[in-house]
2 protein chains.
Amino acid sequence: MRNEVDPAAAIAPQIYRLLRQAIVTLEYLPGQRLSEQEIGARFGVSRQPVREAFIKLSEAGLVRILPQRGTFVVRISMRDVANARFVREAVEVAVATTACAVAPPEALDRLGELIALQKEAAASDDQRLFLRYDEAFHRTLAEAVECASAWPFIEDVKAQMDRVRYLSLPAASPMSLLIDQHAEIVRAIACRDAQRAGDAMRLHLREILNSLPRLARAHPELFEDDEMPAHAREAASATFGRDAAPA
Amino acid sequence: MRNEVDPAAAIAPQIYRLLRQAIVTLEYLPGQRLSEQEIGARFGVSRQPVREAFIKLSEAGLVRILPQRGTFVVRISMRDVANARFVREAVEVAVATTACAVAPPEALDRLGELIALQKEAAASDDQRLFLRYDEAFHRTLAEAVECASAWPFIEDVKAQMDRVRYLSLPAASPMSLLIDQHAEIVRAIACRDAQRAGDAMRLHLREILNSLPRLARAHPELFEDDEMPAHAREAASATFGRDAAPA
DNA sequence: ATAACCATACTACCATACCAGTTAAGCGAG
DNA sequence: CTCGCTTAACTGGTATGGTAGTATGGTTAT
């Protein structure tokens with residue numbers, strides 16, 4: 001987060017980006033207090049744009065603003081992560097199935113390129129780059145069905161999941177598995193097989209359900225003391241069997 | 001919009017609510033300029049909370065902020081409405097199908113009550129109340145699958161559709177049709193028939209595709225000069241036949 | 001008459017000042 | 001020593017001031 005802000009551009013969105021990145025990468029840990037004053041001083045800006053960034057972070061569910069008390073990074077809530085995942089699955093499965101009907105061939109080519117780039121990133125073990133291409137893949141797919149204006153919406157929802165994703169990076173991340181899943185999605189769309197494309201996307205986006213309980217047990221200090229809602233348990237057992245995610 | 005703000009509570013969210021309502025009900029027309037100064041003076045508050053409300057409105061896609069120029073109510077974009085509808089259909093169909101697996105019986109009772117209230121509103125021809133209960137129905141359903149924390153997202157997406165909905169109110173609004181569709185959704189969930197519940201919700205949320213092109217032709221001054229994306233044309237023809245929404 | 005220019009009156013954005021409410025430490029009474 | 005009150009040092013929310021950039025209308029030069 002050493003990046004400086006560009007005073008020529010709008011400052012508030014830059015602060016938001018930087019803080020979001022810092023929270024998602026666990027540079028700022030749950031429970032940590034974020035001071036408007038301190039953040040503003042660090043970047044050489046006033047409290048006002050920092051405050052606007054805080055508001056956006058709170059809408060994304062990454063911080064909690066307590067008036068006259070402080071702004072704090074929230075603990076990871078399995079409930080919130082599961083709900084965000086639910087929404088994302090709903091939207092992206094719809095994107096995948098719709099892509100079978102309307103996606104132009106050029107879009108499939110671009111998706112193929114992104115998978116190739118992702119393989120390179122995996123080969124050189126560059127996890128940050130890997131995640132960047134992962135995000136680009138999903139965004140490109142959304143654009144392919146002319147849902148570009150819906151992407152910011154997905155991006156907001158993704159914030160909850162990204163922190164978990166980053167937390168799972170140091171572990172043996174099955175990057176090749178995710179790449180295979182991306183490839184399967186593209187193949188299904190190329191075949192114009194809506195059912196298969198939707199199923200592939202659904203399976204892909206349910207991976208996190210497998211690792212989430214294990215991560216929560218491994219890092220209890222980072223997690224809220226709550227449980228996954230019924231729909232998440234339902235989805236997990238339907239996808240990975242009744243005894244999903246053992247320790 | 002004569003409601004005064006409560007100075008004891010946070011002002012910015014109140015301003016947002018009031019302005020959003022004014023835009024959705026077409027009290028503020030597309031193209032109209034919103035002045036921080038003027039809005040602030042009208043409600044007896046300073047420019048700062050008004051500015052924060054503007055930012056949220058711009059994120060909801062209801063206004064466009066042009067730095068150093070002004071903030072303007074955007075014209076209704078068929079593309080944006082269709083994309084918002086796409087996202088909402090995806091999420092709420094998933095909610096409906098999931099409800100079949102996890103919704104408790106009490107939730108179904110509450111949904112039934114809301115339908116009864118909606119019938120009363122329709123009988124007394126109170127369209128504002130009708131829309132209130134309509135929103136309550138969908139929110140309650142989301143809560144029934146423990147997706148309460150996902151509702152704010154749906155609410156943001158809904159803003160685009162609400163303006164169209166309000167525009168269609170003066171016309172012969174088939175309130176009874178919408179009530180029947182709600183009832184069918186509840187019946188399907190009560191039967192734990194996920195396929196049927198999803199289909200019912202899908203049909204319900206696609207009604208707007210039928211009226212949108214007609215409204216755009218009837219009120220060209222309110223609409224952006226754009227077209228529905230491919231996924232919306234696909235959905236309309238799949239649901240209402242190839243010649244959907246004639247003049 | 002027309003086109004270029006400049007002064008003016010806006011705008012949004014950022015910085016600063018002020019306010020009310022919360023917290024916590026320190027002091028004094030029991 | 002312990003408990004309770006006071007008070008000072010925070011917080012976020014709001015109000016206000018300053019700055020740079022944009023539209024506009026009148027003026028001047030062509």
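By convention in this document, chain letters (A, B, ...) are assigned in the order of the sequence lines, proteins followed by strands, and residues within each chain are numbered from 1.
- Note on S46(B): every side-chain N or O is 4.0 Å or more away from OP1 and OP2 of dT14(D).
- Sorted by first and then second residue, the pairs that involve residues 147-160 of chain A and meet salt bridge (charged side-chain N to carboxylate O under 4.0 Å, His left out), not counting sequence neighbours, are R17(A)-E155(A), E135(A)-K158(A), K158(A)-D162(A).
- For the ring-ring contact (aromatic ring centres under 6.0 Å, His included) condition, the pairs that include at least one residue of residues 55-94 of chain A, sequence neighbours left out, are F86(A)-H231(A).
- Take E224(B) and apply the salt bridge (Lys or Arg N to Asp or Glu O under 4.0 Å) test, not counting sequence neighbours, and it matches no residue.
- In this structure T25(A) satisfies the side chain to side chain contact (heavy atoms under 4.5 Å, CB included) test together with Q21(A), E27(A), R128(A), Y166(A), sequence neighbours excluded.
- Among residues two or more places apart in sequence or in another chain, the side chain to side chain contact (heavy atoms under 4.5 Å, CB included) test is passed with D6(A) by A8(A), A9(A), Q14(A).
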Name every donor-acceptor pair, under 3.5 Å, that has one atom in a side chain of residues 140-150 of chain A and the other anywhere in the protein, sequence neighbours excluded.
| from | atom 1 | to | atom 2 | distance (Å) |
| --- | --- | --- | --- | --- |
| T140(A) | OG1 | A136(A) | O | 2.7 |
| E146(A) | OE2 | A230(B) | N | 3.3 |
| S149(A) | OG | N83(B) | ND2 | 2.7 |

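- Looking at residues two or more places apart in sequence or on another chain, you find a side chain to side chain contact (heavy atoms under 4.5 Å, CB included) between E120(A) and L117(A).
- Pairs of residues two or more places apart, or lying in two chains, that qualify as side chain to side chain donor-acceptor pair (under 3.5 Å) and include a residue from residues 65-81 of chain B are S77(B)-D226(B).
- Note that the two end axes of the helix from dA1(C)-dT30(D) to dG30(C)-dC1(D) enclose an angle of 20°, each drawn from 5 base pairs, rounded to 10 degrees.
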Task: Sugar-phosphate or base contact per nucleotide [nucleotides 5-12 of chain D; S, B, -; heavy atom under 4.0 Å] - done: ------BB

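- Here chain B contacts DNA chain C (any atom closer than 4.0 Å to a heavy atom, that is under 4.0 Å), and the contacts span dT11(C) to dA15(C) from 5' to 3'.
- In terms of heavy-atom proximity, E59(A) sits nearest to K56(B) at OE2-CD, 3.2 Å.
- For E36(A), the salt bridge (Lys or Arg N to Asp or Glu O under 4.0 Å) criterion is met by R47(A), not counting sequence neighbours.
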